[in-house]
Amino acid sequence: MSNSENSKNHSRSPRSILDARPEHSADSPVSVHAMTVAYNRKPVLWDVDYDAPSNSLVAIVGPNGAGKSTLIKACLGLIPRASGTVEFWGKSYKQSRSLIGYVPQRESVDWDFPVSALDVVCMGRYRKIGWCRPVTKSHKKAAMEALARVGMEDFARRQISQLSGGQQQRVFLARALTQEAELYFMDEPFAGVDASTERAIIEVLRELRSNGKTVIVVHHDLQSVPEYFDHVLLLNMRVVAAGPVSEVFTAENLQKTYGGRLTLLAEAAEAVARAAKGS
Amino acid sequence: MSDPIVDANSIIETLTLQGGFNTNAVILGTSLLGIAAGVIGAFALLRKRSLTADALSHATLPGIAAAFLVSSAMGFSGRSMPVLMLGAAISGILGVACIHLILQHTRLKEDAAIGIVLSVFFGIGIVLLSVVQSSTSGSAAGLNHYIYGQTAAMTRSDAYLMGGIGLFASLIALIMLKEFMVVCFNESFARSMGMRVWLIDSIMLALVVLITVSGLQAVGLILIVAMLIIPPAAARFWTDRLWKLVLLSALIGGISGYSGASISALFPRKPAGSVIVLVAGSIFILSMLFAPTRGVLADSFRRIQLRVRIARDHVLESLYEIEIGHAETEHPKAASWLIKLLCVKGWITRDNGQLILTDAGRTQGQRIHRNHLLWEQYLVSYADIAPTHVDWSVDQVEHVLSDELIHALILALKKRGLSIPPLDGGTT
């Protein structure tokens, strides 16, 4: 397998040299090329190039309005791109859909919806089940297993509005797990969750990584970046820096990303110091 | 003129479907329509498209009038039900398309777009209707029935068509329950999985169109939307499960349709549409008031209960703190009914006008005091936790936090020089 990938890389390298910018790489789970996204003619993301490394936990970090969620949504084709392309393992989104899982922002849905936690998790199987077919026992079993992985099996029959914010987030994570994907996009899974949920989520993320999956996470808390993630993408409308946390997550890059926001910088400095200690 | 006097016999005959073949067909058809509207309305409500359905039904009027004009001009009878329904469907869909166009190309919000389309289409319809009335003979007057609904004018085949469409639409909705559910709950997730949301939405819209146009004759275009909104809204008070919501909504819709058509058959001057809506509306009001957990009364009861409980806890805690010598705690000022309640419960007694805790009351007070201390410390120790996430009312902190964490909190309290009473099993 690695052989064929190597040869592919090799064959395209002359072109890469000719082009000013790297082309899509076929072994990257997601490869974004020259992507620009605009809302109402105002660009939100500008000319983004990014190759995600496989088998790693990647944090997308940046200030509010930096386009972090937009980047994920544009990759998934949920919002139109003004320009640019996205490839998954060198293929189009349509071809790779079954390999991609998604955890939307928790606030994006109405939690007063009349369904149970189990119903929500089963939604992750709908594509596999197919049109107009009922959810069978085996799918429910898979959903229960996913709930157990996030420590929520006791809440399967609960109506979702009766769950706490952290529990709702875990239900969303369980739903993504039933998708049995190779690449996951998660939009702020740690936002507003309690400490035990945060631990449960990070445990699942590490488990996914050790199974060879790639997880791309929109993340808010700079302090935990070095502890939780291998790679980081610093974003503020454009890519400020991207790469391994130990190389890229520097005070200088954070300054470039966040500008003069002092409180955040202090936070970042502390995080960087801790990262340096850790490595 | 008043309605003819109806004797008890004919009431029973009508309600038990013995009132003649034509009447039966109309009652059956309207009931089926009610069931279907309940089923499909549930999804329209969850998709937050109920008002779009209202615009759609008003937008059918120009189509009805135009269909009448065109088919009369071609020499057919203008009042053929399928032809009028086709015209209604086309202009209804056109109306919805206009809403989408406005939303896509302007910055107007949905409510404005719906209001504009609804009124403009209805206005066009009224103008066309006046053209119909001035250009043709009296046979056109029947078109007015499509605005307010008139079951008495329905033929048996009209009723069968209406019932058949209702049955068909309900079946489609039940088959697609799963698809409708995910699109209603989390559209972006459905799209990320590659489900064709536009197709699912279009099918949902098509079902709403079917219900609307098939109900035009019986219920009328102004009130048909009530059959789509009210039954699921009423059903929502009773259940937290989608399939139960759909079934209950179908039941309420069916009952409304049945009783509306029956009453209209007994009193031909009473338009079925209004009666159906009034029955559904009554069920809605009863549900809103009396449903357990989600109903207004249950909700107010819980709120009063909570207030009593907070006031009660406050008195017990203050008395306890005075007993253990907290200088800053003031003597509680409680309403006389609350003191009576606490006396009846056996938690306090009166001694020379002073309130004194009984043993049971002391246990309660101690428990509340301990809880509040722990929660307070929790907020101090974990300052990043929003106070709204702390459930002060929980009987015991132990039920929510781990032993390990409580131990840490007790240590932290001791460091601040605050002693904490032990937990002596004083649960209620």
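Lettering of chains follows the sequences in order, A, B, ..., and the numbering in each one begins at 1.
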State, to 0.1 Å, how close [X] and [Y] come at their nearest heavy-atom pair, and which atoms those are.
X: A:Gly77; Y: B:Arg191; result: O-NH1, 4.2 Å
X: A:Leu76; Y: B:Ser192; result: CD1-CB, 4.4 Å
X: B:Lys178; Y: A:Val135; result: CD-CG2, 3.9 Å
X: B:Phe189; Y: A:Tyr102; result: CE1-O, 3.4 Å

Is the number of heavy atoms from other residues, nucleotides or ligands within 6.0 Å of [atom1] ([X]) greater than 12?
X: A:Glu203; atom1: CD; answer: no
X: B:Lys244; atom1: NZ; answer: no
X: A:Arg133; atom1: CZ; answer: no
X: A:Trp111; atom1: CH2; answer: yes
X: B:Phe301; atom1: CZ; answer: no
X: A:Phe113; atom1: CZ; answer: yes

Please tell me if the side chains of [X] and [Y] come closer than 4.5 Å, counting only heavy atoms from C-beta onward.
X: A:Arg97; Y: B:Met193; result: no
X: B:Met181; Y: A:Tyr126; result: yes
X: A:Val115; Y: B:Arg241; result: no
X: B:Leu46; Y: A:Pro114; result: yes
X: B:Met176; Y: A:Cys132; result: yes
X: B:Leu199; Y: A:Trp131; result: yes

- Query: Any salt bridge between B:Asp240 and A:Arg157, counting N to O under 4.0 Å?
  - Reply: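 Answer for the salt bridge query: no.
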
Report which part of [X] has an atom under 4.5 Å of a heavy atom belonging to chain B: side chain, backbone, both, or neither.
X: A:Phe185; answer: neither
X: A:Asp112; answer: both
X: A:Val103; answer: neither

- Side chain from CB out, backbone as N, CA, C, O: work out which of these in B:Ile175 comes under 4.5 Å of a heavy atom of chain A, or both, or neither.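 Contact with chain A: backbone and side chain both.
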
- Where on B:Lys48 is there a heavy atom nearer than 4.5 Å to chain A: the side chain, the backbone, both, or neither? side chain

- dist B:Ser188:OG -> A:Ile72:CD1 (nearest 0.5 Å) comes out at 11.0 Å

- Task: Could you go through the side chain to side chain contact (heavy atoms under 4.5 Å, CB included) check for B:Asn186 and A:Arg175 one step at a time?
- Result: CA-CA 12 Å; B:Asn186 196 347; A:Arg175 179 176 70 175; 2.7 Å; yes

- Message: For B:Phe185, run the side-chain contact (heavy atoms from CB on, under 4.5 Å) check against A:Asp110, A:Asp119, A:Ile160 and tell me which one passes.
- Response: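 Exactly one candidate clears the test, A:Ile160.
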
